K.L.:
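Below: one structure in structure tokens.
Remember, it's a predicted structure, so these values are computed and weren't measured experimentally. Whatever order the structure lists them in is the order used to number ligands and atoms, beginning at 1. Below, each value reflects all heavy atoms present in this structure, side chains not excepted, and no hydrogens, waters or symmetry copies.
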Amino acid sequence: ASQIVFKNPNEPPLVFHWLPIIGSTITYGMDPPAFFRENRAKFGDVFTFVLLGKKTTVAVGPSGNDFILNGKLKDVNAEEIYTVLTTPVFGRDVVYDCPNAKLMEQKKFMKIALTTEAFRSYVPIISSEVQSYFKKDADFKGKSGVVDIPLKMAEITIFTASHALQGSAVRRKFDTSLAALYHDLDMGFTPINFMLHWAPLPWNRKRDHAQRTVAKIYMDTIKERRAEGDSNKELDMMKHLMNSSYKDGTPVPDHEVAHMLIALLMAGQHSSSSTGSWIMLRLAQNPHILEELYEEQVKALGADLPPLAYEDLAKLPLNQAVVKETLRLHAPIHSIMRAVKQPMAVPGTKYVIPTSHTLLSAPGVSATDPLYFPNPDMWDPHRWEPNAVNAPTIVQSSADEEKIDYGYGLVSKGAASPYLPFGAGRHRCIGEHFANVQLQTIVAEVVRLFKVSNVDGGNTLIGTDYASLFSRPLEPAKIRWERRD
Ligand code: HEM
């Protein structure tokens with residue numbers, strides 16, 4: 001039972017709820033995409049609901065995406081929302097525990113480190129991590145078997161990302177202390193901690209201990225590397241950050257380098273490992289696509305399948321499309337929040353959003369809208385080929401091509417796109433290219449080794465778990481694998 005309650009004619013319609021405070025928290029939290037779809041059908045692209053006592057205004061569709069993600073610094077604010085959650089996990093003085101201008105500089109350091117030369121060095125690192133993982137892991141002994149894929153993808157993601165971004169010395173520590181410490185850090189990264197971040201609960205104590213210990217391990221490694229001088233030829237993020245300086249000439253302090261490295265690994269870990277798991281589940285559901293991927297590599301690279309190089313990834317368009325299409329349907333970040341700093345008029349409507357509201361952007365809504373993606377619920381990597389049956393109907397306006405620099409390099413000025421898995425504007429992802437290279441390399445290596453299918457041989461798909469901060473497959477999410485040779 002729902003009804004529209006108008007408190008102020010200039011505020012968007014409010015989703016009906018029975019309980020104050022709780023509001024729509026439960027229905028939203030169980031399945032955010034379904035919640036957005038239902039209320040959009042009822043109210044249109046802009047509506048408000050009560051999330052943990054806070055009026056939260058959703059604006060969807062390309063213009064809603066643009067309205068929130070391209071909001072001006074004087075109007076919208078990310079750190080006020082996220083800092084309670086991220087600062088205990090990452091540490092002080094980075095990302096959301098500093099003014100936005102400092103974050104922009106930090107993002108610039110991160111982005112500059114990710115050069116073509118660096119990516120050339122990362123692909124062989126990622127390939128060899130994947131190969132040795134499948135050689136050693138006990139669940140991949142023999143010719144075939146069944147595995148819970150998210151557990152495996154979580155390990156493969158953290159081994160590949162830590163080795164490429166933090167160097168081999170740090171990577172070795174993931175075989176001993178670091179894996180368990182990151183597990184403890186992770187416990188601070190749950191939606192319940194938006195409320196309980198401060199509480200002296202056992203998992204928060206573990207989180208705080210893990211943060212201090214991981215930061216110390218990084219700071220000690222930085223000291224060792226400084227002592228080694230220039231002898232280390234690796235092109236990892238730690239090396240770059242420890243040699244960076246802010247615009248005013250201050251070198252980035254070691255504790256900030258350490259905290260940025262934690263932030264980068266956490267940001268990449270959940271999003272990439274969830275996406276990697278969904279790719280494997282989609283391939284298990286569509287084994288013919290996996291065979292097409294194998295054929296694509298044989299055709300483009302030769303039947304002997306030489307070691308993968310960075311340049312090879314561009315020769316594998318279907319491999320790229322598998323990542324792109326999976327992010328369309330399974331973007332790990334379903335809700336992006338901003339505090340409202342000034343009353344904001346929503347263009348094309350009579351609505352004015354007051355400062356008492358939080359804004360919520362959900363680019364996944366337009367990414368699954370039949371207006372832009374024919375047969376939107378169908379996982380069809382071929383839709384990204386020219387003239388495909390299900391090709392997106394997006395007409396890129398010239399405004400979308402315009403670029404702007406928020407302080408960390410040029411990004412698209414317009415955010416009025418229906419497909420934004422990496423966000424847009426000032427807070428846009430700087431890890432997009434890394435994530436693509438990482439995921440494309442992992443998929444290409446898996447395809448060389450295995451065929452996968454659903455355990456029951458059918459084409460069902462597991463549901464989505466929205467209970468953690470990043471959406472991911474409900475576990476257990478098992479697939480059958482079979483060695484190719
Ligand atoms: C920001 C998605 C991988 C680092 C973002 C945002 C999204 C996103 C949607 C915008 C958040 C907001 O506006 O509040 C993804 C997805 C990934 C991925 C889907 C993988 C499939 C990575 C990786 C890294 C990374 C691998 C690091 C190497 C960052 C950073 C920000 C960001 C530093 C900026 C946060 C800010 O400015 O507030 N990402 N990301 N991401 N991401 Fe990613």
K.L.:
Any pair with a residue in residues 363-380 that passes salt bridge (Lys or Arg N to Asp or Glu O under 4.0 Å), sequence neighbours left out, goes on the list, sorted by first then second residue, please.
P.N.:
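Residue pairs passing salt bridge (Lys or Arg N to Asp or Glu O under 4.0 Å), neighbours aside: Arg40-Asp369.
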K.L.:
Does Arg328 make a cation-pi contact with Phe373 (under 6.0 Å, within 45 degrees of the axis)?
P.N.:
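Yes, Arg328 lies over the aromatic ring of Phe373.
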K.L.:
Could you tell me if any non-hydrogen atom of Ala331 lies under 4.0 Å from any atom of ligand 1?
P.N.:
no
K.L.:
Salt bridge check, Arg282 against Glu325: does any charged N sit closer than 4.0 Å to a carboxylate O?
P.N.:
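Salt bridge flag = no for Arg282 with Glu325.
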K.L.:
Would you call Lys102-Glu256 a salt bridge at under 4.0 Å N-O?
P.N.:
yes
K.L.:
Heavy-atom distances under 4.0 Å decide this one: backbone, side chain, both or neither, for Ala161 against ligand 1?
P.N.:
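Neither; nothing of Ala161 gets under 4.0 Å from ligand 1.
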K.L.:
Hey, are Arg225 and Asp236 close enough for a salt bridge, meaning a charged N less than 4.0 Å from a carboxylate O?
P.N.:
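Salt bridge flag = yes for Asp236 with Arg225.
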K.L.:
Is it true that atom NZ of Lys478 has more than 12 heavy atoms of other residues, nucleotides or ligands lying nearer than 6.0 Å?
P.N.:
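12 or below, so no.
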K.L.:
Heavy-atom distances under 4.0 Å decide this one: backbone, side chain, both or neither, for Leu264 against ligand 1?
P.N.:
both
K.L.:
Side chain or backbone of Arg338 under 4.0 Å from ligand 1, or both, or neither, by non-hydrogen atoms?
P.N.:
side chain
K.L.:
Any salt bridge between Asp148 and Lys152, counting N to O under 4.0 Å?
P.N.:
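Judged by the 4.0 Å cut-off on N to carboxylate O distance, Asp148 and Lys152 do not form a salt bridge.
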K.L.:
Counting only protein atoms, how many N/O/S atoms are less than 2.8 Å away from atom 43 (Fe) of ligand 1?
P.N.:
1
K.L.:
Of all the atoms in ligand 1, which lie at a distance below 4.0 Å from a heavy atom belonging to Ile336?
P.N.:
9 (C), 12 (C), 13 (O), 14 (O)
K.L.:
With a 4.0 Å heavy-atom cut-off (strictly under), which part of Leu103 contacts ligand 1: side chain, backbone, both or neither?
P.N.:
side chain
K.L.:
Near Pro332, which atoms of ligand 1 are under 4.0 Å from a heavy atom of that residue?
P.N.:
19 (C)
K.L.:
N/O to N/O below 3.5 Å, does that happen between Lys107 and ligand 1?
P.N.:
yes
K.L.:
Just which atoms of ligand 1 are under 4.0 Å from any heavy atom in Tyr82?
P.N.:
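Matching atoms, with element in brackets: 14 (O).
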K.L.:
Do Tyr96 and ligand 1 have an N or O pair less than 3.5 Å apart?
P.N.:
yes
K.L.:
Quick test of your reading: applying ring pair (Phe, Tyr, Trp, His ring centres under 6.0 Å), list the pairs with at least one residue in residues 101-126, sequence neighbours left out, ordered by first then second residue.
P.N.:
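Residue pairs passing ring pair (Phe, Tyr, Trp, His ring centres under 6.0 Å), neighbours aside: Phe109-Tyr246, Phe119-Tyr122, Phe119-Tyr310, Phe119-His433, Tyr122-Phe434.
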K.L.:
Considering only non-hydrogen protein atoms, determine which one is nearest to atom 21 (C) of ligand 1 and report residue, atom name and distance to 0.1 Å.
P.N.:
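Nearest protein contact, heavy atoms only, for atom 21 (C) of ligand 1 is Thr275 OG1, 3.7 Å.
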K.L.:
Between Phe90 and Tyr96 (judged by ring centroids, cut-off 6.0 Å), do the two rings come close enough to count as a pair?
P.N.:
no
K.L.:
Please determine whether any non-hydrogen atom of Ala78 lies less than 4.0 Å from an atom of ligand 1.
P.N.:
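So Ala78 does not count as touching ligand 1.
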K.L.:
Is it the case that the side chains of Thr157 and Gln269 hold a donor-acceptor pair, with the cut-off being a distance below 3.5 Å and no angle test?
P.N.:
no
K.L.:
Taking atom types as modelled, is there a side-chain donor on Ser471 or His334 under 3.5 Å from an acceptor on the other?
P.N.:
no
K.L.:
Would you indicate which of Ala164, Pro421, Gly425 comes nearest to atom 2 (C) of ligand 1 when only heavy atoms are counted?
P.N.:
Pro421
K.L.:
Among pairs that include at least one residue of residues 404-425, which meet ring pair (Phe, Tyr, Trp, His ring centres under 6.0 Å), considering only residues two or more places apart or in two chains?
P.N.:
Trp384-Tyr419
K.L.:
For atom 10 (C) of ligand 1, grab the closest protein heavy atom and report residue, atom and distance to one decimal in Å.
P.N.:
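The protein heavy atom lying closest is His427 O, 3.4 Å.
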K.L.:
With the threshold set at 4.0 Å, does a side-chain nitrogen-carboxylate oxygen contact exist between Glu234 and Lys239?
P.N.:
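Salt bridge flag = no for Lys239 with Glu234.
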